[in-house]
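Residue numbers start from 1 in every chain, and the chains themselves are labelled A, B, ... in the order their sequence lines are given, proteins ahead of strands.
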Protein chains: 2
Amino acid sequence: MKSTIPDTGIPLAPPADNGGDRQESSLHGEILLRLRDYVVEGNIPDGARVPERQLCEMLGISRTPLREALKVLAAEGLIELLPNRGARVRQLSQRDLEELFDVMAGLESLAGRLACEAITDEEITAIEQLHYEMYGHYLHRDMHGYFQTNQRIHESIVAAARNETLKTAYTNFAGRIRRVRYSANFARKRQRWAEAMREHEAILDALRRRAGSELSDILFQHLRNKRVAAIEHLTEPQENAPASP
Amino acid sequence: MKSTIPDTGIPLAPPADNGGDRQESSLHGEILLRLRDYVVEGNIPDGARVPERQLCEMLGISRTPLREALKVLAAEGLIELLPNRGARVRQLSQRDLEELFDVMAGLESLAGRLACEAITDEEITAIEQLHYEMYGHYLHRDMHGYFQTNQRIHESIVAAARNETLKTAYTNFAGRIRRVRYSANFARKRQRWAEAMREHEAILDALRRRAGSELSDILFQHLRNKRVAAIEHLTEPQENAPASP
DNA sequence: AGGACAAAAAATGAATGCAAAATAGGCGGC
DNA sequence: GCCGCCTATTTTGCATTCATTTTTTGTCCT
């Protein structure tokens, strides 16, 4: 019985919890949010079945809203629905990952271009601030902090693009990749750090000059390089222990 | 009773039809495909309710699979689900449209960049072929043919990017815009033709040279210009009659 | 006549029930 | 001992049913 959800005792987020800040009136919506997190956080192994019955008990609901949530998750690309065989967590091939990274690169590249049209000086200052913070993490070899701040920088750029449609798509794709990170112990390589820092300097520079097309290029390349490092990392043995939470 | 689906007698695609070429084993999948087309083709007015009961009768199914399909369409951004108030066709504001166009521009821009890495000479030849065909339509003032061929060119570029994830996202967003076209009589302006043709020449040129970053730029600008023309068109009176089908 | 309130009607959201398919388990054969 | 086949159980997919909420309609009052 390996297809059982790892019974960590975690009740799939406390029922009365209502998450961090979001709210959802409908039950299927609530279920969707919790189930999405549950999958993204890697609580179900790659390719494993998503047992309806068991989840219903866990969540204390009937199958109808759960199945509705599953359909949506399938549309989002997190799980796949095999006819008459239920839902499985989508197993991403290396090729899938490469594609995902490229799409993310495209979206961030677009975000950078759009951001140059609309970003305020204050937002740039805020990003510079994050950049220095990140540099501090870099100096202290704090991979976890570095990674978090790095992510906030990229999110800031996406936010500065002033495009909710883009932001939604970005978040969706980011979730798929995040799942891989969670479940596959997806640490970055130290050797990429210095290079990445340099690239970030170039990003900031282009952003300050509002050089949209240039920034677009730099961002794409930056993400491309990340992709190479990340994908390599999947096949090779791990270089360093995962950062502790 | 304006919220009634226009009763054109069309039974929402003949039940035994099975569409053009695709096939779907599950009922909700089948329903999803048909309903998506139905919405995209503008059969339900903007912002109108999507009456479950009526659709169930039309499709000869129960509410369960229909509701599952609706959840997915909502996730795709074609409709929106108001709590306890059912589904409505999503009404896109002008801002929404601008955002959509920009995201499409970003995706095509990405597609062009990736295509330069992988496209074969044969594919380029095929696109050149389409280009000449399109030029013919341009000379004959055949807007409908022009538009169709133009679309095929852009699809060819996306296909040449060799990225299924990108292609899926592209198709999704294209659907949302297509709905606006169908329902809002979204003709292009003649005055854009000459300019668009020139841009297409530049696209082909960059493609031949496999100049990824350059092509990326050109495609983004090309789509941006389209956006301006299209959005303007929404507020202004129509310049010319819609092409006959 | 117009508006506000209230009851009826309809629609939605979720739970349950049922047929069909898939999986698991047991049995016999080789 | 291992493989294939047949049956029992589980699981899936859809229909149906039930409880709320919303919307409509009718009536009364100002």
- Query: Heavy-atom count around R227(A) CZ within 6.0 Å, excluding the residue itself: above 12?
  - Reply: yes
Contact list (N/O, under 3.5 angstrom) for nucleotides 9-12 of chain D vs protein:
residue, atom, partner, partner atom, Å
dT11(D), O3', R49(A), NH2, 3.1
dT12(D), OP1, R49(A), NH2, 3.2

- Contacts of type side chain to side chain donor-acceptor pair (under 3.5 Å), residue Y170(B), not counting sequence neighbours: E108(B)
- Heavy atoms, side chains only, cut-off 4.5 Å: are I31(A) and L55(A) in contact? no
- Do D102(B) and R224(B) come close enough that some side-chain heavy atom pair is under 4.5 Å? yes
- DNA chain C: 5'-most and 3'-most nucleotides touching chain B, 4.0 angstrom heavy-atom criterion: dA11(C) to dG13(C)
- Item | Flag side-chain contact, heavy atom, 4.5 Å: R162(A) against E117(A) | no
- Note on the structure: Hits for salt bridge (Lys or Arg N to Asp or Glu O under 4.0 Å) against R88(A), two or more places apart or cross-chain, chain-then-number order -> none
- Item | side chain to side chain donor-acceptor pair (under 3.5 Å) partners for E41(B), two or more places apart | none
- Taking atom NZ of K226(A) as the centre, report whether more than 12 heavy atoms of other residues, nucleotides or ligands fall under 6.0 Å from it. yes
- For the helix from dA1(C)-dT30(D) to dC30(C)-dG1(D), how many degrees between its two end axes (five pairs per end), to the nearest 10°? 10°
- Take atom CZ of R95(A) as the centre, draw a 6.0 Å sphere, and report whether it contains more than 12 heavy atoms from other residues, nucleotides or ligands. yes
- Task: Could you tell me whether the phosphate oxygens of dG13(D), OP1 or OP2, come under 4.0 Å of any side-chain nitrogen or oxygen in H28(B)?
- Result: no
- Message: Between S62(B) and dA15(D), is there a contact of a side-chain N or O with OP1 or OP2 at under 4.0 Å?
- Response: yes
- Query: Do side-chain atoms of E99(B) reach the backbone of E164(A) as a donor and acceptor pair under 3.5 angstrom?
  - Reply: yes
